[in-house]
2 protein chains.
Amino acid sequence: MEEDVKEGASDKYSLRGRVFSRLREDILNGKYEEGVELREIAIGEELGVSRTPVREAFRQLELEGLIRIIPNKGAYVVGISDKDVRDIYILRSRLEGLAARWAVDHITKEQLEEMEENVYLAKFHTLKGHTEQIFELDNRFHELLYEASGSKILEHQLKDYHQYVLRIRKKTLSSKARGPQSNLEHEAILEAIKNKNPDDAERLAHEHMINAYKNMIDNGLIKPEEK
Amino acid sequence: MEEDVKEGASDKYSLRGRVFSRLREDILNGKYEEGVELREIAIGEELGVSRTPVREAFRQLELEGLIRIIPNKGAYVVGISDKDVRDIYILRSRLEGLAARWAVDHITKEQLEEMEENVYLAKFHTLKGHTEQIFELDNRFHELLYEASGSKILEHQLKDYHQYVLRIRKKTLSSKARGPQSNLEHEAILEAIKNKNPDDAERLAHEHMINAYKNMIDNGLIKPEEK
DNA sequence: GCCCGTTTGATTGTATACAATAATACACGT
DNA sequence: ACGTGTATTATTGTATACAATCAAACGGGC
């Protein structure tokens, strides 16, 4: 039962890793609002650890831009704004297109099989309205796409963005209309990859993101770009 | 003489910040080769600090993917491969295109003026063959473009990539042919932004990266994609 | 001689102690 | 009453002490 062989820089078994993951989720889920000050001792007591792992987690969160540390003063939550979310979707639309294009040449047999299984399972859970499973399968589909791109850099980047918009994605996929439509689009991307058609793969993955973006706006999940 | 008002998460006045910057440069410049083990105490002694700031720097480097930390074992240099560099240039070609497009609408008068000055100065230093200044001006031109995009997310991302390929860029810009050509391309991008032409701006910024990419390959600075 | 368990050393993970810094409160003088 | 300088306190920055873990050396049994 080998488990967690990769574990990309989060390390859920160390205190520091747990503090980092927890704080990150809490910020991305909106538990800590913009501008809130995070005190090392308070966070440490809340999670039952000393300042050391908390500090290390803070430094990582700062690098990700989720908090801002002012030297000798404190750590303040930055979080992500509606504009950030919109920007991320535009960036993702371009980069996921690239990932799909590259995946055509680099996907392994195992990855392809898991993708097919993923789409098949998602169809089932969509019918049943199992939102939690739909969310997890959507997560996995995109992760698979990133891994299949064969680019460590691109994979790393897209996984970050994927995490960042976690809260909004949860809402989006729960919608009666978007959930099923999203899975149909996954299926189309998968078909293009199977058929070794990079242009279609890129275009479909690009459109997939644009559609998700439009859905967000149309359902008022985030406010549209002001001009 | 206000200085370092922004200081994006590096903090050069704390020990941790200095250790981080130093290690990052050393890895990106190739001082520490792939697979080398970094010991907290050794690095600490080398830089005259204790383990604490070194550990915090390690955690940040891990998040950036420049080292890999195996729990209870050690930290190993990952660095960036030739493939990573190639991938980054492809990603940059797309994202810098986007930055240039967005800059058309978001650039401030001050940023525009500094860009014009930048291009003008670069022309001078190119004639004189001042490679160090050319490098700094190239740095600044791209940073300005990122800032002018008006997107915190995109700016953050592109600055990271820009840092990552620092070593290769130093070599590239020193070449007799690429230095002047690069500046001409900067000028063209600037013109498109001034003329409020997003399509041209995007296309030119995209081509600028592709040209830099081709130059790298043609001059044997990195090995081409194997197929 | 080889295999396997134990011991030992080195290194990281965590907690705490101490130093430096910054914000606030307070007292003093005007 | 107001401003200024100082003292106090809270918080972060850094160093060190201790615990846990891993790996390699060692030694006994076969």
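Below, each value reflects all heavy atoms present in this structure, side chains not excepted, and no hydrogens, waters or symmetry copies. A, B, ... follow the sequence lines: proteins, then strands. Residue 1 opens every chain.
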- Is it true that the side chains of Q157(B) and Y161(B) contain a donor and an acceptor less than 3.5 Å apart? yes

- Among dT16(D), dT16(C), dG13(D), the one nearest S50(B) by side-chain distance: dT16(D)

- Message: With side-chain hydrogen bond (donor to acceptor under 3.5 Å, both in side chains) as the rule and sequence neighbours excluded, what pairs involving residues 78-89 of chain B come up?
- Response: S151(A)-D87(B), K152(A)-D84(B), S81(B)-D84(B), K83(B)-D87(B)

- Item | Nucleotide dT12(D), atom P - distance to CD of E56(A) in whole Å | 16 Å

Hey, what are the protein-to-nucleotides 21-24 of chain D N/O distances that come in under 3.5 Å?
none

- Query: Can you name the nearest heavy-atom pair linking V54(B) to V49(B), along with the distance?
  - Reply: CG2-CG2, 3.8 Å

- Query: Hey, is CZ on R22(B) packed in by over 12 heavy atoms from elsewhere, all under 6.0 Å?
  - Reply: no

- Take atom CD1 of I43(A) and atom P of dT11(D), then tell me their distance rounded to the nearest Å. 13 Å

- So with a 6.0 Å cut-off around CD of E33(B), is the heavy-atom count from everything else above 12? no

- Task: Take the protein atom CD of E45(B) and the nucleotide atom P of dA15(D), then report the distance between them rounded to whole Å.
- Result: 12 Å

- Task: Please figure out whether G48(A) or I41(B) has its closest DNA chain C nucleotide nearer the 5' end.
- Result: I41(B)

- Considering only dT14(D), dT14(C), dG13(D), which nucleotide approaches the side chain of P53(B) most closely? dT14(D)

- Task: Please work out if R39(A) contacts a base, only the sugar-phosphate, or nothing of the nucleic acid, heavy-atom cut-off 4.0 Å.
- Result: sugar-phosphate

- Heavy-atom closest contact (Y164(A) atom, L28(A) atom, distance): O-CD2, 3.7 Å

- Message: Between C1' on dT11(C) and CD on E37(B), what's the gap in Å once rounded to a whole number?
- Response: 8 Å

- Task: Name the orientation class of the two ring planes belonging to H142(B) and H186(B) (parallel below 30°, tilted from 30 to 60°, perpendicular beyond 60°).
- Result: perpendicular

- Message: Regarding R55(B), tell me which of base, sugar-phosphate or nothing describes its non-hydrogen contacts under 4.0 Å with the strands shown.
- Response: base

What nitrogen or oxygen pairs link the protein and nucleotides 6-9 of chain C at under 3.5 Å?
none

- Message: Checking the side chain of D26(A) only, and the main-chain atoms of K31(A) only, is there a donor and an acceptor separated by less than 3.5 Å?
- Response: no

- Message: On the nucleotide dA15(C), are OP1 or OP2 found under 4.0 Å from the side-chain N or O atoms that R16(A) carries?
- Response: no

- What's the closest nucleotide to the E40(B) side chain, out of dT12(C), dT14(C), dG13(D)? dT12(C)

- Taking OP1 and OP2 of dG13(D), is either one under 4.0 Å from a side-chain nitrogen or oxygen of R51(B)? no

- Integer-rounded Å distance: dA20(C) P and L15(B) CG: 12 Å

- Item | Salt bridge present between E64(B) and K159(B) (N-O < 4.0 angstrom) | no

- Query: Within the structure shown, what part of the strands sits under 4.0 Å from L38(B) by heavy-atom distance: base, sugar-phosphate, or nothing?
  - Reply: sugar-phosphate

- With a 4.0 Å cut-off, would you call R140(A) and E136(A) a salt bridge? no

- Message: Without decimals, in angstroms, what is the distance between L47(B) CG and dT14(D) P?
- Response: 13 Å

- 5'-most by nearest nucleotide on DNA chain D - T52(A) or G74(A): G74(A)

